[in-house]
Amino acid sequence: MNDLVVIQTAQGLAGYLIRCRQAANDITPITAVVGYDHRAQPSFSLSSKQFAMYTKLVFESKGISCTLLDGYVATPILAFAVGNIGASVGIMVTASHNPKQDDGYKVYWNDGCQIRPPIDAEIASAIIEKENLIPWIDYGEQLRTFMDGDGEGECYGLSNPKQTRMIEDAYYQAVRDSGLVAGIDVTSDAQSPSFAYTAMHGVGLPYAKRSFSTFGLPPFLPVPSQQSPDANFTTVPFPNPEEKGALDEAMSFAKQNGCDIVLANDPDADRLGVAEFNKVDGKWTVFTGDQIGSLLGHWLWETIGKKSEQPVAMCASTVSSKILSAMGQTEGFLFEETLTGFKWIGSRALSLQNEGYRVLLGYEEAIGFSCGGIIPDKDGISALGVIATMAHAFYAKGKTLATHLQEIYLLYGEFCSDNGYFRCDDPAIVKKVMAQMRNGGKYFDRVGTFEVDSVRDLGSPGYDSQAVDKKPTLPTSSSSPMITFRFKNGCVAQFRASGTEPKFKYYIELRGQPGESRDEVSKRLDTMVKVILEELLHPSENGLITASSL
């Protein structure tokens, strides 16, 4: 990204918004809200802040009222702001958990959810229209005029500090009103958990502090070396809590300071990582996104769902664990799966709300969680308050997050997963692998010795052997297909290419039989994974590179 690309993008987006209003004969004023994180490349005079200021200048050059949030903001605040001020569109300039050299431009529609088809493609087409590729005015000169002035705020008078604070206040009030704030038992004699928090050199610290205060929780200890925004990400080059080793610094600090639990936001604070120290064996449990989702789903059902006067629903991406489905079948709430990505989870949650459901959780295995329907996007700020409240309740009963998770598995069955990827730089190989799995339309009924129960193919035109009409209920795509094999022993194996990285991903999960231990399920899964990957993907033959070889 650079200044010109951002200007072209903003011009295309502004033009698209104007055209949509004209086509609908809608005279309602178009409004926008823009936020930014701390990313910067000083040697190239580039930054998220500068990109955000240019975006505002572009919009206002076309008469579009644009609120630029003041200072670094967390992505969930921007998503919330769209609905809070009734904006037509929202833009968050952030690369989230990507490496330091990256930046990004995330667009939200007027429902507070990330853009999705056909809007995304229509905006992309508008951006490359000839009239949008050349700057309409000299934005650089305009920006310099503001920089030479004495306007208030972090953006030389372009941002709105007062409105930013009002939006943040409204967000935390929405958290209080959501039912998520369950309170903690301060009278218990049991040891309360202590927390270490890392912002991973991002913007999350002030938001995490206020989240703890909103939930009525005692303060956490911030990891000093990672608490402040740092565009160089000095201690963690790939600032994703999911990545192996990303939490090492925080866990070391937590152990030195006697903390039981590490809570980690990624740099824009929309994701949440969780790790827990076992003081008996001296080992850490770094919870997967599916495990955190299981804990949140069960907790939200027990504390809110059971008492809800509305029917309850939860959503998860199709590559996430099926444990919420099992939970819903047992407890009586609706569970729906969506395509991968929070634009699909959030949009389905909004639809369910419109149908009268109370949507308590939407989550994806990539540590993204939306609790309580505050925003239709992942939100690491409210989720960390829920997890911390939950931990207090468990510790007061002499339990831990890990032991309670095991109790959940005892209730609904063991769910063991093996998610991973192969490096694949050639898109033609992805097409070849997908074609091999389709087997000319005669999908395999057996992989090795394991019998296939059904197959779903979300490529175009789509296929689902479980459906009466053989058509999948989820949307299909020729450009980003996904194939799912459901086995008769309860295993589900799913395959897709990453939309942002040269990776071919797999998600394989096995549900245990009643009374089967986790170790037994895990061993059976290990055996299946080896067979499934070899028989369906033929990694060596197709030149797929294992993650361990990178």
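- Checked options Arg524, Lys523, Arg511; the residue passing with Glu516 is Arg524 (criterion: salt bridge (Lys or Arg N to Asp or Glu O under 4.0 Å)).
- Between atom CD of residue Glu154 and atom CG of residue Asp70 there is a gap of 5.5 Å, rounded to the nearest 0.5 Å.
- Side-chain contact between Met327 and Leu324 is present, with heavy atoms from C-beta onward closer than 4.5 Å.
- No hydrogens or angles considered: nothing links the side chains of Arg348 and Thr338 as a donor-acceptor pair under 3.5 Å.
- Screening Phe195, Phe212, Phe215 against Phe220 for a ring pair (Phe, Tyr, Trp, His ring centres under 6.0 Å) leaves a single residue, Phe212.
- Minimum heavy-atom separation, Gly448 to Val531: CA-CG1, 3.9 Å.
- Taking CD1 of Ile261 as the reference point, atom NE2 of His392 lies at 8.0 Å (rounded to 0.5 Å).
- Residues Tyr507 and Asp418 have side chains that never bring a donor and an acceptor to within less than 3.5 angstrom of each other.
- When atom types are taken as modelled, the side chain of Lys397 and the backbone of Ala393 share no donor-acceptor pair closer than 3.5 angstrom.
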Pair Tyr108-Val82, side chain to side chain contact (heavy atoms under 4.5 Å, CB included): steps then yes or no: CA-CA 8 Å; Tyr108 292 82; Val82 174; 4.2 Å; yes
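- Inspection of the Asp268 and Ser96 side chains reveals an N or O donor paired with an N or O acceptor under 3.5 Å.
- Considering all non-hydrogen atoms of both residues, Asp377 and Gln114 come closest at OD1-NE2, 2.8 Å.
- Under the 3.5 Å distance criterion, the side-chain polar atoms of Asp281 are matched with a main-chain donor or acceptor of Lys283.
- When all heavy atoms are compared, the tightest approach of Ser498 to Lys505 is CB-CE, 3.9 Å.
- Side-chain contact check for Asp169 and Gln173: no donor-acceptor pair (N or O, by modelled atom type) lies under 3.5 Å.
- With a 4.5 Å cut-off on side-chain heavy atoms, Phe495 and Leu533 count as touching.
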message: Walk me through whether Asp290 and Tyr363 qualify under side-chain hydrogen bond (donor to acceptor under 3.5 Å, both in side chains).
response: CA-CA 8 Å; Asp290 283 326; Tyr363 98 90; 2.8 Å; yes
message: If you apply the rule side chain to side chain contact (heavy atoms under 4.5 Å, CB included), what do you find for Asp464 with Asp457, and how did you get there?
response: CA-CA 6 Å; Asp464 191 340; Asp457 186 347; over 6 Å; no
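- Residue pairs meeting the ring pair (Phe, Tyr, Trp, His ring centres under 6.0 Å) criterion with at least one member in residues 248-296, sequence neighbours excluded: Phe277-Trp284.
- Listed for the Glu364 side chain is no donor-acceptor partner under 3.5 Å among the backbone atoms of Thr340.
- Under a 3.5 Å cut-off, the side chain of His38 and the backbone N or O of His201 do form a donor-acceptor pair.
- Side-chain contact between Gln466 and Arg486: present, with at least one pair of heavy atoms (C-beta onward) separated by less than 4.5 Å.
- Residue pairs satisfying the salt bridge (Lys or Arg N to Asp or Glu O under 4.0 Å) criterion with at least one member in residues 489-500, sequence neighbours excluded, are absent.
- Under the 4.5 Å side-chain criterion, counting only non-hydrogen atoms from C-beta, Leu334 is not in contact with Met314.
- Side-chain N or O atoms of Ser213 include none that pairs as donor or acceptor with a backbone N or O of Arg210 at under 3.5 Å.
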field: Residue pair Glu276, Thr285: steps toward the side-chain hydrogen bond (donor to acceptor under 3.5 Å, both in side chains) verdict
entry: CA-CA 5 Å; Glu276 184 177 48; Thr285 297; 5.6 Å; no
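- Heavy atoms of other residues, nucleotides or ligands lying less than 6.0 angstrom from NZ of Lys100 number 12 at most.
- Defined by atom type and a distance below 3.5 Å, a donor-acceptor pair is present between the side-chain atoms of Asp37 and Thr94.
- Ring centers of Tyr171 and Phe80: under 6.0 Å apart, within the cut-off.
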task: Go through the steps to decide whether Ser317 and Glu365 satisfy the test side-chain hydrogen bond (donor to acceptor under 3.5 Å, both in side chains), and finish with yes or no.
output: CA-CA 8 Å; Ser317 63; Glu365 48 77 38; 5.6 Å; no
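- In the model, Thr318 has a side-chain atom that pairs as donor or acceptor with a side-chain atom of Arg456 under 3.5 Å.
- Tyr357 has its ring centre no less than 6.0 Å from the ring centre of Phe333.
- Without hydrogens or angle criteria, Tyr36 side chain to Met92 main chain gives no donor-acceptor distance under 3.5 Å.
- With contacts defined as side-chain heavy-atom distances shorter than 4.5 Å, the pair Leu272/Lys378 does not qualify.
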task: Go through the steps to decide whether Ser370 and Ile345 satisfy the test side chain to side chain contact (heavy atoms under 4.5 Å, CB included), and finish with yes or no.
output: CA-CA 9 Å; Ser370 175; Ile345 298 169; over 6 Å; no
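- Gln227 and Thr198 form no side-chain donor-acceptor contact under 3.5 Å, judged by distance and modelled atom types alone.
- Across all their heavy atoms, Ser308 and Arg358 have their closest contact at OG-CD, 3.8 Å.
- Taking the centre and axis of the six-membered ring of Phe394, the NZ or CZ atom of Lys399 falls inside the cone set by 45° and 6.0 Å.
- Summarising the geometry, atom SG belonging to Cys113 is positioned 10.0 Å from atom CD1 belonging to Ile375; distances are rounded to the nearest 0.5 Å.
- No side-chain N or O of Asn265 forms a donor-acceptor pair with one of Tyr207 less than 3.5 Å apart.
- Taking the side chain as every heavy atom from C-beta outward, Ile367 and Val274 never approach each other to under 4.5 Å.
- Listed here is the closest heavy atom pair of Ala316 and Ser320: CB-CB, 4.1 Å.
- For the pair Ile85 and Val33, the minimum side-chain heavy-atom distance is below 4.5 Å.
- Proximity of a side-chain donor or acceptor of Ser417 to a complementary backbone N or O of Leu510 within less than 3.5 Å is not detected.
- In this structure, a donor-acceptor pair under 3.5 Å is present between the side chains of Ser321 and Glu509.
- Judged purely by distance below 3.5 Å, without hydrogens or angles, the side chains of Ser252 and Gln256 pair a donor atom with an acceptor atom.
- Relative ring orientation between Phe422 and Tyr506 is described as tilted, the plane-to-plane angle lying within the 30° to 60° band.
- Residues Ile323 and Ile408 are in side-chain contact: their nearest non-hydrogen atoms beyond the backbone lie under 4.5 Å apart.
- Side chains of Gln226 and Thr235: a donor on one and an acceptor on the other come within 3.5 Å.
- Distance alone, capped at 3.5 Å, places no donor-acceptor pair between the Asp379 side chain and the Pro76 backbone.
- Ser522 places no side-chain N or O within 3.5 Å of a backbone atom of Arg518 that could act as its donor or acceptor partner.
- If you check the side chains of Tyr412 and Gln329, you find no donor sitting under 3.5 Å from an acceptor.
- Figure legend: Arg423 and Phe504 shown without cation-pi pairing, the cationic atom not lying both under 6.0 angstrom from the six-membered ring centre and within 45 degrees of its axis.
- Contact record, Pro267 with Pro239: CD-O, 3.2 Å, taken as the closest heavy-atom pair.
- Side-chain N or O atoms of Thr234 include none that pairs as donor or acceptor with a backbone N or O of Asp230 at under 3.5 Å.
- With a 6.0 Å cutoff to the six-membered ring centre and a 45° limit on the axis angle, Lys503 counts as a cation-pi contact of Tyr421.
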